[in-house]
Amino acid sequence: MPRKTLFAFILALLLAPPLAGGASAGQIKGTVKPQGLRSPEGVLVYLSNGPEVMLDLSGAKFVMDQRQLTFIPYVLPVPVGAKVSFPNNDKVAHNVFSLSQAKKFNLGSYKPGQSIEVTFDQPGVVELRCDVHQEMKAYILVLKNPYYALTDAQGNFAIPDSKLLAAHGIKGVPPLPEGKYLMKTWHEKLRGDRAKVEAPATGAADVTFRLKRGPSGVLYKR
Amino acid sequence: MSLETLPLVLPAKLEGRSMSHLLKFLAAIMVTVVFGLVAVSSLRAQNAAPPQPAPPKGPPLIVEGRVVSQYGPVKGAQVRLPGQSQMVLTDNQGHYDLKTTAPVMGRPMVTAGKAGWFNNAASLSWGGQAGDITLYPVFLQDDPSYQYYSPLVCFRCHGRLTRIWDQSKMAHATSNPLLLQMYYGTEQERLNGKGIAYKIAEPNSQGNCAQCHAPGAASDPKRSRDLDEILRSPLTTWDGISCDYCHKTRKVLPAPLSPSGFAPALVRQYPFQGRSILVFGPYSDVVTQPMAASYAPVFKQGEFCSSCHSHLKPLPAGNKWDPSKVYTPDEMAGFGIKGNTVLPVQTTFQEWKQWQDGLGPKDPNKGKRCQFCHMSWQKRLLPYDNYVVEGMAQHMFNATYRSPNDLHPHHFEGGTKNQLQNAVALEVNGKLDKKIFTVTVRISNTNGGHWVPTGETMRNMLLLVSAKSLEDKPLKLIKGPRLPAWAGRGDPAKGDYAGLPGYAFARVLADGEGNLNVPFWKATRIASDTRLRPKSTLKLEFVYQLTDPSDEPSAEAQLIYRPVVRPLAKAKGWEVKDIPVTAKAW
């Protein structure tokens, strides 16, 4: 073996572990193609058996806003333990409440400018209503692990969803370990689907969901 | 000129000019760029979200004065600047001392109002001094032959308000086709008297339908209560519950002889004081002509709705029924019924009242009233501003700013898909244990301040539950409720669901011959009442048999609302569509 080639080989051996370590974060990417919806945006895709990790939620900020008789956003995925604030930025009083099994609460009527916080400590679908304005409805989806994503306007998603995690200030999410996972979807107007996915050590697995209109399901079959 | 060429051109153009000229030129460019950026960012901000007008505020102002009448000082009058929710009450001497930061808009004035008096106002000096506000009493003269103003009169100044009301079920309650068919037993053209109908059962009676469906006519004892005669009468100015009728209500009082148990205390007077029209309402600060407005607190209370949203039927002398099979003693007391000789046919008002009466003082639902939901803001009514007074009236009456919190759009929505979807919620869960699949369904009355469904007893809501194997084969129900016969016997594909796994929510009236779902004039008892109480959740279990213990079954539940119970719709030949409320899967 020529000396130059041997040097290059040794150098490659030395550099390989750190480089491989830096790119070991596996990812699951994909697309959701729903039938009968105007937009594929806002479909939740999550790993129902993803690794449960201790999250640093000290700097996290989850907000369910109220403006112009509307909850914003319509769907807010949060990890278990999230504290969600409900500011009233409207011109009329609102009364947020939920009778869902995952979280029952009633904030009572409160005026514009006020805000109340609620901690969501059980996984599941929490359906929000306003007792004063019956059109107002939204969902808080409480998830067991941070490996979830919301589809964008094109129906694309990536798990972990770095943009969503950053927007909510969730820190300390470890890279998705290599392994086999069960992926599921949730949308208010779509029948849920699931797929078995193998997350690679590096790079990304690719998944496509074709969803049909129908009743939504539960997040976890306990 | 491009940005690239700018440095090359500038020195040539500025040659021979002084340094101060150069600095001025550069400063001008900087100012232009900064203003340009500000303008662009402002435009972007406008595109991103429309600006919300902030509640108006003005410099602190202390207004002092007196509210008086021809009888002396008026105690307990509400005093405020027009449109403002902040107000004070006058003391024993009629004095008030109002500190406010509300802006003084248009012609500065301060208003006063009290139940039993016409609202009035006094001019306000910029220093906060106001002359005495004189209130005049509303004399309780009621003329039953009064001819109500047409809503078209109100439309001139309250265009948007009356348009929304015109789309409500209140507005055309007399000419409602279902009502006329239940009254006469005829079809659309009213040619054939057939089927179930009040006038067929009671041909010599005009009944009391008009009391709520045509209250303007029914409140005149000289007029016919026959719906057809009312509709054809030249004295009838509108085919429903008009603005002028409701706003002639001073109070609502108990009335044991009324079918509802309540009756409005009407004050019907022809215009006086020039062209003024007497109107009662929820505001003590409305002082604009041609309305002669008087504050009436009942407009903010659930009791306002009681005279129609209640129907108690005394049984013929000597007849009794057994309420204990259907209701608890507390529920019967809540309906306002003692003994066993009166049937609770419609009890929407009482359902709300007993719910409210049962809440503790700190309960977040305490104080919720009918107006909160049935006269609430809806997205289709946005933007909030200029809702009540619009068009030319804004300029005539100083465009009083009123918080949306104090405005109540008159849509009176009820029984619609939109409202049903938000009145109830559904959750489904499954549990597998070897060859047993248990489906748990929870149905909640989330937003109904009364039982759901409520009102007319032909209304009902059905829960349908189904389960299937991984291979899409239907599973067999071995334990759990099934739908009754009145859910429709026949083909499920055509909406006949009797016998299927599920649950029916309804108040079922029965006659002495064992017939169910009979109209109120035939009813002799309440057979069952399975409706959802306010904020309550009903938990139901449906147990299915699996053929394969390793199966991965699934389940679905859906709620549908039926405006008319199936057998009645078939008997009348009505094509009544089911309203899908919600559906969930496991």
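Since the model is a prediction, treat every value here as computed from it, not as a measurement. Below, chain A is the first sequence line, B the second, and so on; all start at residue 1.
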Could you tell me which of [options] has the largest number of non-hydrogen atom pairs under 4.5 Å with chain B?
{"options": "A/Gly108, A/Cys130, A/Ser216", "value": "A/Ser216"}
{"options": "A/Thr70, A/Val218, A/Leu69, A/Asn106", "value": "A/Leu69"}
{"options": "A/Leu99, A/Val132, A/Val125, A/Leu107", "value": "A/Leu99"}

Self-check item: CD on A/Glu188 to NZ on B/Lys584, rounded to 0.5 Å
Solution: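 The NZ atom of B/Lys584 sits 7.5 Å away from the CD atom of A/Glu188.
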Quiz item: For the atom pair CD (A/Glu127) and OG (B/Ser444), what is the distance rounded to the nearest 0.5 Å?
Solution: 9.0 Å
Exercise. State whether a side-chain donor-acceptor pair under 3.5 Å links B/Lys368 with A/Asn95.
Key: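 A pair is found: one side chain offers a donor N or O, the other an acceptor, under 3.5 Å apart.
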Quiz item: So, A/Lys221 and B/Glu552, do they make that salt bridge, N to O below 4.0 Å?
Solution: no
Practice problem: Measure the shortest side-chain to side-chain distance between B/Gln558 and A/Pro215 over non-hydrogen atoms and say whether it is less than 4.5 angstrom. | Solution: no
Quiz item: Below 4.5 Å, heavy atoms only, C-beta onward: do A/Gln101 and B/Lys539 meet side chain to side chain?
Solution: no
Given heavy-atom pairs under 4.5 angstrom as the criterion, report whether the side chain, backbone, both or neither of [X] touches chain A.
{"X": "B/Gln421", "value": "backbone"}
{"X": "B/Glu556", "value": "side chain"}
{"X": "B/Gln378", "value": "both"}

Shortest non-hydrogen contact between [X] and [Y], atoms and distance:
{"X": "A/His133", "Y": "B/Trp377", "answer": "CD2-O, 3.5 Å"}
{"X": "A/Pro112", "Y": "B/Asn405", "answer": "CD-ND2, 4.2 Å"}
{"X": "B/Cys373", "Y": "A/Asp131", "answer": "SG-O, 3.6 Å"}
{"X": "A/Arg129", "Y": "B/Ala425", "answer": "NH2-CB, 3.7 Å"}

Practice problem: Check whether A/Glu135 gets within reach of chain B through its side chain, its backbone, both or neither, counting any heavy atom under 4.5 Å. | Solution: both
Quiz item: Which answer fits A/Ser98, side chain, backbone, both or neither, if we ask what part of it has an atom under 4.5 Å from a heavy atom of chain B?
Solution: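 When you check distances to chain B, no heavy atom of A/Ser98 falls under 4.5 Å.
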Might you confirm whether atom [atom1] of [X] has over 12 heavy atoms from other residues, nucleotides or ligands at distances under 6.0 Å?
{"X": "B/Lys366", "atom1": "NZ", "value": "yes"}
{"X": "A/Lys29", "atom1": "NZ", "value": "no"}
{"X": "A/Lys137", "atom1": "NZ", "value": "yes"}

Exercise. Begin with the C-alpha distance, continue with both residues' side-chain angles, and end with the deciding distance and a verdict on side chain to side chain contact (heavy atoms under 4.5 Å, CB included) for A/Gln134 and B/Ser376.
Key: CA-CA 8 Å; A/Gln134 304 186 21; B/Ser376 63; 5.6 Å; no
